[in-house]
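Every chain is numbered from 1, with letters handed out A, B, ... down the list of sequences.
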Protein chains: 4
Amino acid sequence: MQARKRTAAEGMEAGEEKTRSTKYEAILRAAAKVFAQSGYFNAKVSEVARAAGVADGTVYLYFKNKDDLLTSIFSWAMGQFLQRARTELGETEDSSEKLRRFSVLHFSQLEQERDIAIVFQIELRQSTKFMEQFSTTYLAEYLQILREIIEEGQEKGHFRKELNSKVVAKVLLGPWTRWPRTGY
Amino acid sequence: MQARKRTAAEGMEAGEEKTRSTKYEAILRAAAKVFAQSGYFNAKVSEVARAAGVADGTVYLYFKNKDDLLTSIFSWAMGQFLQRARTELGETEDSSEKLRRFSVLHFSQLEQERDIAIVFQIELRQSTKFMEQFSTTYLAEYLQILREIIEEGQEKGHFRKELNSKVVAKVLLGPWTRWPRTGY
Amino acid sequence: MQARKRTAAEGMEAGEEKTRSTKYEAILRAAAKVFAQSGYFNAKVSEVARAAGVADGTVYLYFKNKDDLLTSIFSWAMGQFLQRARTELGETEDSSEKLRRFSVLHFSQLEQERDIAIVFQIELRQSTKFMEQFSTTYLAEYLQILREIIEEGQEKGHFRKELNSKVVAKVLLGPWTRWPRTGY
Amino acid sequence: MQARKRTAAEGMEAGEEKTRSTKYEAILRAAAKVFAQSGYFNAKVSEVARAAGVADGTVYLYFKNKDDLLTSIFSWAMGQFLQRARTELGETEDSSEKLRRFSVLHFSQLEQERDIAIVFQIELRQSTKFMEQFSTTYLAEYLQILREIIEEGQEKGHFRKELNSKVVAKVLLGPWTRWPRTGY
DNA sequence: TATGAATGAGGGTTCATTCAT
DNA sequence: TATGAATGAACCCTCATTCAT
């Protein structure tokens, strides 16, 4: 789904995969901004392009289509979150601290990326298609990390046995947890 | 904006006033169904018409435009709910019973009208415009009824003083409570 | 073209062909009024019906379609004019008086029937189709009457020989004389 | 509202600036042709596009809507006429010559641009809206030029004092002079 | 890579016309 | 004759996507 043609990736050097392609990111952020403002369906690709400071056609060099733009926002945001989470969690052995850091990171991300948070909350539920695709990949990993923290903490006796990772997830993910099918 | 004429109700037999759909209602339900399935923006008016078993143009005899179709779903559902609520609440003097009935009615409505419930949850937050219009009319009345029940019960000593009607509303309305401005 | 279904003409008695069918005339006048106001293309048949105080469907009992409505306005107006002209001209032998009466009748008709006059001037030239049909029938007769008056007057020595019926026609019919093809 | 970009004029060769149509002009001429043939209301935008050899959507890159297409025909034609008139009038000092040139230009324009002339005559009076907009801008300037020529000629003693610029205007503009408000 | 003019499929909406009553 | 609800063909316009430069 990612679909960002890398035809020009020849210049890409090792170790800079994440930081490169500022235009990719610029378009993504512009899309988030515009989608947050007008809603996905009302938003025009040309608006996104203008907000990103590129030509309309350029959007299609980095994204397959409008849909991909939306999908990529989620993937990108979740990817960033998960990467940071893994990094931060590796810095401590204490389960409580891990849970705390995970939570803080979760909310600070949402705060820092207002547009993305809005798009998450509003647009994600639009389409079951999106949700299903999303929940089987990034969301699954999100939950997995959480589960690991909690189970580890329970084994070490830091958390009560009754603590349920699903409940914790609900507290964190909040309202947009109620997508169809996954149902927890 | 509402239904205009009822002359076509000629075939209406005694005892089926409730189940027999007027054309207005038929189109409304069809719209809810189609919107629930495809989402408002992906849905085509012609699909709604087909689902309602009428010609495309007929939709516009009963609704101003596609937007009005969505708005009317909410108004109609809330109107029905509020009417039934007032009726049922009038049948008892007991505050606890009132609260119970109100809650049961709330959830049974959502259950019986799956499509509308889905559209409510998914599409309503789309547009701030919708939400604002909606929250100042029907939602306001919904909250008002709830507040009256609770205050009455508190005066009679049936409910604890700390019981907060806003919290009760949140329990009932759940996730889609986060409309702009009202904010609680 | 006339096309006014006479299915209900059984009740029509001899001698009242012209005065009967007040509804036909009512619709015709309403059409002239609405067309004059909004222009033929912007006018809606339902507007005409409302202005005439009848139901939409009723219009189609008297006229084949919207086009026929426009055509009939001209036919009817010209028919009335020509009939009156013949009547009035028969009342005198004097050519000058005939010409005077013809002219007075011409302008007083236009004055009395403002709406029709406007429709004449504005809508008639719309369509070559209209014009051709019109100019070969009613207009031809109009010109014929005028020519007869003038030639008769010239024979009697009341008008100068150089007097040209075409010029006279132009003075009377004015600007809307320049339709394609007839060219005089 | 006018043409936006000219980057597509790449194929433009020297010496054909006048005859080579920009896309804006091509669409305008196509519109005039189609409108002249079918009348504004019967004409379809897709016909105009086809006649201009562009896609339907392209029309909307150069014109706001179908209405704008009609308006622009007038503005463009009058703009061209006025520009040429000013140029030609600047080449002579003789008032009679000026008046002659103005008249010749007037009629030769109408002759060369048959379609536009027809649209002028037929469609312009359709809408009071059009006429008012038109008569307060381009037409006003047209009359102004004429007035200046005549007054100048009268001062120099080349024209009789009784010569009335309004009468001259009527002779040139002919039947379509009867717009609302200006009234002469 | 980048551009943005051009494309054209698609859909909301209107309204002349029909037809069952 | 009269009604007016219902029909559905037709058309304007938008905008995601392409492609020549």
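Of the candidates dA2(F), dT13(E), dT7(E), dT13(E) carries the atom nearest the K66(B) side chain, counting heavy atoms from C-beta on. For Y62(D), counting side-chain heavy atoms from C-beta on, the closest listed nucleotide (dA6(E), dA5(F), dT7(F)) is dA6(E). Of the candidate nucleotides dT3(E), dT7(E), dT13(E), dT7(E) has the atom lying nearest to any side-chain atom of A55(D). For K44(D), whose side chain is taken as the heavy atoms from C-beta onward, the closest listed nucleotide among dT3(E), dA16(E), dC12(F) is dC12(F). Of the candidates dC12(F), dA2(E), dT14(E), the closest approach to any side-chain atom of K23(A) belongs to dA2(E). The side chain of V45(A) has dA16(F) as its nearest neighbour among dC13(F), dA16(F), dG12(E). Relative to the side chain of D56(D), the nucleotides dG8(F), dG12(E), dC13(F) differ in distance, and dC13(F) lies closest. Out of dT13(E), dA16(E), dA6(E), the shortest distance to the side chain of Y60(B) is found at dT13(E). You'll find that the side chain of L61(A) is closest to dT3(E), out of dT3(F), dA6(E), dT3(E).
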Its dot-bracket string being built from Watson-Crick and G-U pairs below 3.5 Å, with | for another strand and [ ] for crossing, DNA chain E has the pattern .||||||||||||||||||||
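E113(C) pairs by the salt bridge (charged side-chain N to carboxylate O under 4.0 Å, His left out) definition with R29(C), not counting sequence neighbours.
Nearest-nucleotide positions on DNA chain F for D67(D) and S46(A) put D67(D) closer to the 5' end. The 5' end of DNA chain E is approached more closely, in terms of each residue's nearest nucleotide, by V54(A) than by the other of V54(A) and G57(B).
Following rounding to the nearest Å, F63(A) (CZ) and dT18(F) (P) show an atom-to-atom distance of 16 Å. Atom C1' of nucleotide dT3(F) and atom CD1 of I27(C) are separated by 12 Å, given to the nearest angstrom. If you measure from atom CG of N42(C) to atom C1' of dT14(E), you get 12 Å, rounded to the nearest angstrom. Atom-to-atom, CZ of F41(C) to C1' of dA10(F) comes out at 14 Å; the value is rounded to the nearest Å. Spacing between atom CG of D68(B) and atom P of dG12(E) amounts to 15 Å, rounded to whole angstrom units. Distance CZ (R50(A)) to P (dA5(E)): 14 Å, rounded to an integer number of Å. The interatomic distance linking Y40(A) (OH) with dC15(F) (P) rounds to 13 Å, in whole Å. Distance CG (L69(A)) to C1' (dT17(F)): 13 Å, rounded to an integer number of Å.
Within a 6.0 Å sphere centred on NZ of K33(C), heavy atoms belonging to other residues, nucleotides or ligands number 12 at most.
T58(A) and I27(A) get closest at one heavy-atom pair: O-CD1, 4.3 Å. In terms of heavy atoms, F120(A) sits closest to M78(A) at CZ-CG, 4.1 Å.
The ring of Y40(D) has its center no closer than 6.0 angstrom to the ring center of F41(C).
Within the 4.5 Å cutoff, no side-chain heavy atoms of Y62(C) are placed close to those of E25(C).
Using modelled atom types and a 3.5 Å distance limit, the side chains of D68(A) and Y60(A) yield no donor-acceptor pair.
At a threshold of 4.0 angstrom between heavy atoms, the contacts of V59(D) with the nucleic acid are absent. Note on A43(C): only backbone sugar-phosphate atoms sit closer than 4.0 angstrom, heavy atoms only; bases stay farther off.
Here the CD atom belonging to E47(C) is positioned 8.0 Å from the CD atom belonging to Q37(C), to the nearest 0.5 angstrom.
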